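In this text, all values refer to a predicted model and were calculated from it rather than measured experimentally.
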Amino acid sequence: SKRKNGEACSLCGCEKLLFEPPVFYCNGLNCASKRIRRNSYYYVGTNNQYHWCHQCFQDLKDGQQLDLGDATLKKEQLTKKKNDEVHEESWVQCDKCERWIHQICALFNTRQNKDQRSEYTCPRCTIDDRKKQGITEGTSTTPMAEDLQRTKLSELLEKHVRCKVDNYFEKAAKEKSESEGIPLEEAKKGMQMGGEITIRQVTSMDRKLEVRERMKRRYAFKNYPDEFTFRCKCIVVFQNLDGVDVVLFGLYVYEHDEKNPAPNRRTVYVSYLDSVHFMRPRTMRTLIYHEILISYLDYVRRKGFASAHIWACPPLKGDDYILYAKPEDQKTPKDERLRQWYFDMLVECQRRGVVGKVTNMHDLYFANEKNDATAVPYMDGDYFPAEVENIIKDIEEGKTGKKGGAAGKKKKKDNAKAKKNKNKSGRGGTRSTGIDEDALAASGLIPAGMDQRSLEKGGRDYVMVKLGETIQPMKESFIVAFLSWENAREEDMVVPKEIQDHRDKHGISWKISDDTGSQNSSSQQVESSSSPDVAMQEVKQEPSSTEAAIQSSGKVTTPAAPVAHPPAAVPAPIPAPAAAPAPTFTPAAAPAIAPPPAAAPAPTPTPAVAPAPTPTPAAAPAPTRTSAAAPAPTPTIAAAPAPT
């Protein structure tokens, strides 16, 4: 009855559908991009892009101009609000039966109805009309995911994934046929994806990362670059679920090519990775997402990239990396589980000859005392740039702490005596870090890391000492993989014995021969998935190492038990292939596409997603990443499942 009288959606039968409340981050100087608490007051600019908590707003001076890069505001222009807004899914009314339907259930796109003149017919009326006309097939002309522009990279990834999925189901069907004694064709029934998988590259843009002031100033004597340029790419995975293309996975990568100065030259940074567990069947998530990463690394190594950097950092509870608002039953992985997921993927890369040695930032850069901070790649969104700036700031302010370098240990007896006399006099005068400046001045002691001349002469860099101490307990989270590119060094291609034995057995080499320079998949491996109307040059070539390994090894990852979580929700961990490490899980987070902005009986604005905060991690043992999507937004091809 409620459906008929308009009190409930005629499709889902529910009344109100509420969005997850938006998350706002403070842009004040004292908060370091902390969240603004729910039900607390905050201040916002006219464009609703920048926010200040109550405390940071009080710290602003009257008349003070706030330079925000793309806008300039004054304190008086900020509007006070309370963080208690609740956004409801909007409605749309059928022009025939006049019943009300949630816009998300109706797949109604408000952006196409700006003048409020569009006619809308609900699915029920549409079905009735088609039955009367004898039409049984769909006639929709709405663009789908496959209509998005294709690139060589997206074609390569899509073909590799489809090849991998076909091999997986073929192998599973054979095993079922042999174990149950049934014909192969019968065993294949029901063994298929729950919808077509489409992969597209939706972003490819050149960006610049400016080096922060303190870093530039401290290492100016080494002519450290003022900025690094890189190419930002976003890869999105869709699956057609019940006739609707739903975004299930997003990946942002930053490519620093050979034109970049050291230490960023020829490096790839896997910046953000996010997914939701709506894939059908869920057990295929890890298999597919691993294959995307493996195929991508195979692609970039052939283009001359030498190393890949990954910061395996799960988000904080409630944070999102790319996709906003995750399903309630999708959990966040622990650090160890997320690392294992990446390691399993890299082991498979090693087996296929795509990757050589796998190490971590601490062992590669910080273990060598001759290295200073200019040896470490400077990546946008990484832990290193922000933490280095904090350490240099502490050095400049004399807050180097008691665990400094050799300079901090000079004249221990005299320093202890000075402190004893200091305590007797009853004078405070010490900083919060415990440094007694008067005692330091009396002893002639130079705070650790302050001796610039020693640094310039090749002395131990205190920044590296301090940062090395910070990341050492969690060094396995800062993964570095050496790619098997054309000019790779032999020492960087060393792999464990079991991996090398596998390569020798199946004739797999990490070296790239002259006839495999193209990025396209071999026609011997994958049926072409390109539409005939797509004008894209296909280059004939021998099978790439990734494809060869898929066929030669005959080993295909099989799904295992799920373990959900945000930027790495665990669908169904997949037992690793042959000599691969144990458990795996799939990075995931956030739901597919957020529903379009409201427009109907109870119009409400689309929930705003807070701008990507740039965290300034202190020297804490467990850093967290910025919870924000990277630059270019994912296209809204179709609405996702109903919001939570």
Side-chain angles (χ1 to χ4, degrees), residues 151-153 155-157 159-160 201 204 206 228-233 235 251 253-271 290-310 342-343 345-361 363-365 375-379 382 478-496 499-500 502-504 506-522 539 541-550 552:
T151 65
K152 290 183 179 180
L153 174 58
E155 288 286 279
L156 175 80
L157 298 180
K159 290 177 182 179
H160 275 269
Q201 177 185 335
S204 183
D206 292 323
F228 294 97
T229 59
F230 61 94
R231 173 65 61 90
C232 169
K233 293 181 179 180
I235 297 161
L251 170 68
V253 291
Y254 299 158
E255 298 176 356
H256 297 254
D257 60 19
E258 72 282 356
K259 298 177 183 178
N260 257 275
N264 285 21
R265 186 179 295 120
R266 297 185 183 276
T267 60
V268 171
Y269 182 49
V270 178
S271 177
H290 271 186
E291 190 61 32
I292 291 172
L293 286 169
I294 294 169
S295 300
Y296 171 74
L297 294 179
D298 189 28
Y299 172 84
V300 293
R301 70 158 183 139
R302 293 173 181 277
K303 292 178 70 69
F305 289 90
S307 63
H309 293 250
I310 302 171
Y342 279 115
F343 282 136
M345 180 272 296
L346 291 172
V347 165
E348 181 63 16
C349 284
Q350 289 179 321
R351 289 161 60 83
R352 301 189 193 181
V354 174
V355 163
K357 183 170 66 176
V358 176
T359 182
N360 58 75
M361 284 183 63
D363 294 348
L364 186 61
Y365 303 113
V376 184
Y378 200 89
M379 307 287 193
D382 195 21
F478 298 92
I479 304 169
V480 180
F482 288 95
L483 301 178
S484 308
W485 68 298
E486 185 178 7
N487 296 324
R489 300 182 303 177
E490 291 288 343
E491 57 266 32
D492 292 336
M493 295 296 104
V494 177
V495 294
I499 299 293
Q500 189 59 52
H502 173 83
R503 290 183 182 180
D504 295 340
H506 297 284
I508 298 172
S509 172
W510 64 265
K511 294 184 179 180
I512 302 175
S513 56
D514 294 337
D515 58 348
T516 59
S518 168
Q519 306 304 323
N520 295 312
S521 300
S522 168
V539 182
Q541 65 165 72
E542 294 299 318
S544 70
S545 62
T546 302
E547 296 164 328
I550 292 176
S552 67

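- Residue R352 holds its CZ atom at 16.0 Å from OG of S509, rounded to the nearest 0.5 Å.
- A heavy-atom distance below 4.5 Å is not found between the side chains of Y299 and I294.
- In this structure a side-chain-to-backbone donor-acceptor pair under 3.5 Å is missing from R351 to I499.
- Counting only heavy atoms from C-beta outward, the side chains of Y296 and L153 approach each other to under 4.5 Å.
- Of the possible donor and acceptor atoms, none in the side chain of Q201 sits under 3.5 Å from a partner among the backbone N and O of I235.
- In this structure a side-chain-to-backbone donor-acceptor pair under 3.5 Å is missing from S307 to T267.
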Problem set entry | Intermediate values then yes/no, side-chain contact (heavy atoms from CB on, under 4.5 Å), L251 and L293 | CA-CA 9 Å; L251 170 68; L293 286 169; 3.9 Å; yes

Exercise. Can you list the steps and then say if I310 with F478 is a side-chain contact (heavy atoms from CB on, under 4.5 Å)?
Worked result: CA-CA 6 Å; I310 302 171; F478 298 92; over 6 Å; no

Exercise. Step by step, would you call R266 with D257 a side-chain contact (heavy atoms from CB on, under 4.5 Å)?
Worked result: CA-CA 5 Å; R266 297 185 183 276; D257 60 19; over 6 Å; no

Problem set entry | Verdict with supporting geometry, V268 and Y254, side-chain contact (heavy atoms from CB on, under 4.5 Å) | CA-CA 6 Å; V268 171; Y254 299 158; over 6 Å; no

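- One N or O on the side chain of R503 and one on the backbone of Q350 form a donor-acceptor pair closer than 3.5 Å.
- A salt bridge links E255 with K233: the closest approach of a Lys/Arg side-chain nitrogen to an acidic carboxylate oxygen falls below 4.0 angstrom.
- Between F482 atom CZ and R489 atom CZ the span is 6.5 Å, to the nearest 0.5 Å.
- Between the OG atom of S484 and the NZ atom of K357 there is a distance of 12.5 Å, given to the nearest 0.5 Å.
- Listed for the D298 side chain is no donor-acceptor partner under 3.5 Å among the backbone atoms of V354.
- Listed by chain and number, the residues in a side chain to side chain donor-acceptor pair (under 3.5 Å) with N260 amount to none (sequence neighbours excluded).
- Rounded to the nearest 0.5 angstrom, C349 SG and H290 NE2 are separated by 9.0 Å.
- A donor and an acceptor atom, one from each side chain of N264 and Y378, are nowhere located under 3.5 Å apart.
- Side-chain contact between E155 and T151 is absent, with no heavy atoms from C-beta onward closer than 4.5 Å.
- How far CG of L297 is from CD1 of I292: 12.0 Å, rounded to the nearest 0.5 Å.
- Put simply, CD1 on I508 and CD on Q500 are 10.0 Å apart, with the number rounded to the nearest 0.5 Å.
- Counting all heavy atoms, side chain and backbone alike, A488 lies closest to L483 at CB-O, 4.0 Å.
- No hydrogens or angles considered: a donor-acceptor pair under 3.5 Å links the side chains of R231 and S204.
- H309 meets the ring pair (Phe, Tyr, Trp, His ring centres under 6.0 Å) test with no other residue; sequence neighbours excluded.
- For Y365, the ring pair (Phe, Tyr, Trp, His ring centres under 6.0 Å) criterion is met by no residue, not counting sequence neighbours.
- At a threshold of 4.0 Å, the pair E291-K159 does not count as salt-bridged, since none of the basic side-chain nitrogens sits closer than that to a carboxylate oxygen.
- With a 4.5 Å cut-off on side-chain heavy atoms, P263 and F228 count as touching.
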